[in-house]
Amino acid sequence: MTTHYLVLSALLFAIGAIGVLTRRNAIVVFMCVELMLNACNLAFVTFARQHGNLDGQIIAFFVMVVAAAEVVIGLAIIVMIFRTRRSASVDDANLLKY
Amino acid sequence: MQSPAEIVPHSTGVVGVSWLMIALPLLGAAILLLGGRRTDRWGHLLGVVMSLASFVVAVLAFVQMLGLDPGKRRMAVELYQFIPGVANIGLLIDPLSISFALLITGVGSLIHIYSIGYMSHDPDRRRFFAYLNLFVSAMLLLVLSDNYVGLFIGWEGVGLASYLLIGFWQFKPSAAVAAKKAFIVNRVGDFGLLIGIFTIWTTFGSVAFKEVFEAAPGAQQNTLTAIGLLLLLGACGKSAQLPLQSWLLDAMEGPTPVSALIHAATMVTAGVYLVVRSGAFFEAAPTAQLVVTIVGVATLLAGAIIGCAKDDIKKGLAGSTMSQIGYMMLGAGLGPVGYAFAIAHLITHGFFKANMFLGAGSVMHGMNDEVNMRKYGGLFSVMKVTAITFIIGYLAIIGFPLLSGYFTKDGIIETAMEHNQILGWLAVVGAGITGFYMSRMVFMTFFGKRRWEDGAHPHESPAVMTVPLIILSIGSIFLGGFLILGNRFMQFLAPAVGLPEELPSFHPFSVPGLATLALVAVGAAFAWFRYGAAEVPRVAPRGSFLTTFARRDLYGDALNEALFMRPGQWLTRLAVFFDNRGIDGLVNGLAAAIGGTSGRLRRVQTGYVRSYALSILFGAAVVVGALLYVGNM
């Protein structure tokens, strides 16, 4: 009964992951991360429904809160990087290496 | 046979405070060393006073002992219970130790007095007297201790003092090297002594003389032989006996009073003391006793041969010292009769050899520290007191009838003859060689043509140096006869070392005695023929094979170098190589391997966020896969 939800969740997660790995624009990468988080949320809620247990739904709220906090910090970082380097490409920000 | 008397506790009179003998010179040394330059002005006087005070205590203790019944003359003075019932610090005042104490403090004080004059121009005279006092103190601890541990502490103390004094002029490289050599060769002997003491401890459960000597006859034969040989090794190191003789000749680098006190009269006789003191072990182990006599005879011949070829007056006397200690060692290996003669010879030798060394020092003092006898000659007329006292010492050592050496050396030879004809005749031959090399020394120094360096103005030494010479020469004349005639010394020593059933009587016209005199006369005549009547070349001629052999100290140094020094160097080189290449190689190699690997691995950190994301995803997939796999098992 819940298989479709789980398949949808897996699809969303895969799309998000591929987006993170392939896109260069930091904003888009960020959106893909959000997509993966929401795919997880969907899976949590689905399992909560399936098992008749509210834990999964509570975790989903936690994830949303964490995601919101992460957006705040992440966007701030991206804006700062854009201001200093005039670019939002994640590949340009590669100074921290060997 | 009468066995030694029992050791009984005693704490009255001077004997009770006999520790002062050790403490006073030690105090002197401490004041002079800690006081530094402030004591420069009166330091030498303090040294002499401390040594004389120690002598006075020794004489008073001796007088007190003479007042006692012979059976009660072995007095134990307990000072401190270190570990109750196991290890005590105490002194043993008995005829043997008091004889040594009198010799050490008596001759020692004379040499202290002489040194005031001899070292008067040395800026470090105070330090010299500090070391001399330290030596006297350590030597007294050595002979007065009532246990092997105390003896060992004194033994090391005299080794230290000897090292400091040989290297007293440490700015001379030869002196510094000689000091190190003496110290290192002595370590070999000390190693033997230490193992010997360990063996005594494990066998008898004690190191106190009283207990171990009582238990000695009941121990196993092999153990006793081992203890005897180990103690003998210690004695060989300290007394410069074969095979550890090589340091003594180099030790002449020290100031002459040091050679007289430490390397002729007292310290080098510590080995003889050790063997005689440990008589209980040696009498129960005939093998060890035989080895002692063989070592003694070998050394007396080796020393005499070396003495024949030396042009350095002090080295000639050093060879002679080795040879005379060989006689004592021979006597010490012959049981109670031999002990008495050995110790008597030791005491008379202490007098006449100190006499001759100080005489040599007096000659050097007048000759701008020249030691080469080829540059002496004809000194009799310019330094009469030195010459006459030296000649008295010379007559005593070659055994001129009625002088000291005649009685004591003859006693050893006669006793050896009774034990073993071969050893006895070898000792007679040694006496003949002594006659040759000592006569050579006297003729080259005091008679013949003057072969002085330009600018040498030999003169007689001041009274502070000649008076000790005169006192010592008086001892060299009379002491031997006084000790030996009527077996006086043997009776005196009996409570300490025992007394044989049949006392030896003195035969002036026995076969060995006459043979000795004849050989000595031949040797002296030969020396006169070669060095008295004939011209002595100022540069040493090349000489025969035998001369070279003797000049090179019988190749003892070459042998040590080939057998021990070179293999030792190879070993250290091997160790250095192993350390550099093996140990360091391992450590450095490990570091290089880790550094190289991490240098390559850090390339993984590309700085591209997306590649990190891929690794995170891949890692997460692996974890999930593993969890699924484990969950389905």
Side-chain angles (χ1 to χ4, degrees), chain A residues 6-7 9-44 46-47 51 63 66-67 70-71 73-82 84-85 87-98, chain B residues 180 565-633:
Chain A
L6 289 179
V7 170
S9 160
L11 277 174
L12 287 176
F13 189 88
I15 292 166
I18 289 166
V20 168
L21 292 179
T22 56
R23 301 306 293 260
R24 289 201 182 85
N25 191 316
I27 305 287
V28 179
V29 170
F30 214 65
M31 283 160 62
C32 291
V33 170
E34 293 304 314
L35 199 58
M36 287 163 77
L37 285 169
N38 281 313
C40 294
N41 276 348
L42 184 57
F44 273 125
T46 307
F47 284 123
H51 295 295
V63 173
V66 171
E70 179 224 332
V71 165
I73 294 174
L75 276 177
I77 292 171
I78 291 168
V79 169
M80 288 306 294
I81 289 177
F82 184 80
T84 52
R85 336 197 85 194
S87 154
S89 166
V90 287
D91 283 2
D92 287 347
N94 66 350
L95 286 180
L96 196 64
K97 60 181 176 187
Y98 50 83
Chain B
K180 273 190 278 186
M565 199 193 92
R566 300 236 171 270
Q569 278 182 332
W570 293 333
L571 191 69
T572 51
R573 263 182 225 147
L574 192 72
V576 167
F577 179 80
F578 180 70
D579 185 45
N580 283 347
R581 296 291 166 83
I583 308 284
D584 287 4
L586 191 70
V587 173
N588 291 344
L590 194 64
I594 290 174
T597 314
S598 37
R600 278 180 198 95
L601 270 181
R602 70 176 187 176
R603 297 278 156 192
V604 173
Q605 305 285 339
T606 53
Y608 288 107
V609 173
R610 291 180 302 144
S611 74
Y612 299 157
L614 183 63
S615 4
I616 293 171
L617 184 72
F618 181 73
V622 168
V623 170
V624 170
L627 282 175
L628 283 177
Y629 178 74
V630 173
N632 288 343
M633 272 208 320

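Every chain is numbered from 1 and lettered A, B, ... according to where its sequence line falls, protein lines coming before strand lines. Since this is a predicted model, take the numbers as computed values, not measurements.
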Under the side-chain contact (heavy atoms from CB on, under 4.5 Å) test, which residues partner [X], sequence neighbours left out?
| X | value |
| --- | --- |
| Val7(A) | Thr3(A), Leu11(A) |
| Ile77(A) | Ile73(A), Ile81(A) |
| Phe47(A) | Leu6(A), Ala43(A), Gln50(A), His51(A) |

- Note on the structure: Cut-off 4.5 Å, heavy atoms of chain B, and the answer for Leu21(A) is both

- Pick from Leu614(B), Leu617(B), Val604(B), Val609(B) with the largest number of heavy-atom pairs that fall under 4.5 Å of chain A: Leu614(B)

- Can you tell me how far the SG atom of Cys32(A) sits from the CG atom of Leu12(A), to the nearest 0.5 Å? 11.5 Å

- Item | Point-to-point distance, once rounded to the nearest 0.5 Å, from CD1 of Ile583(B) to CZ of Phe578(B) | 4.5 Å

- Nearest heavy-atom contact between Ala39(A) and Phe13(A) is CB-N, 3.5 Å

Short donor-acceptor contacts under 3.5 Å linking chain A with chain B:
unit_1, atom_1, unit_2, atom_2, d
Leu21(A), O, Arg610(B), NH1, 3.4
Thr22(A), O, Arg610(B), NH1, 3.2
Asp91(A), OD1, Arg610(B), NE, 3.1
Asp91(A), OD1, Arg610(B), NH2, 3.4
Asp91(A), OD2, Arg610(B), NH2, 2.5
Tyr98(A), N, Gln605(B), O, 3.2

- Message: How about CE on Met36(A), more than 12 heavy atoms from neighbouring residues, nucleotides or ligands closer than 6.0 Å, or not?
- Response: yes

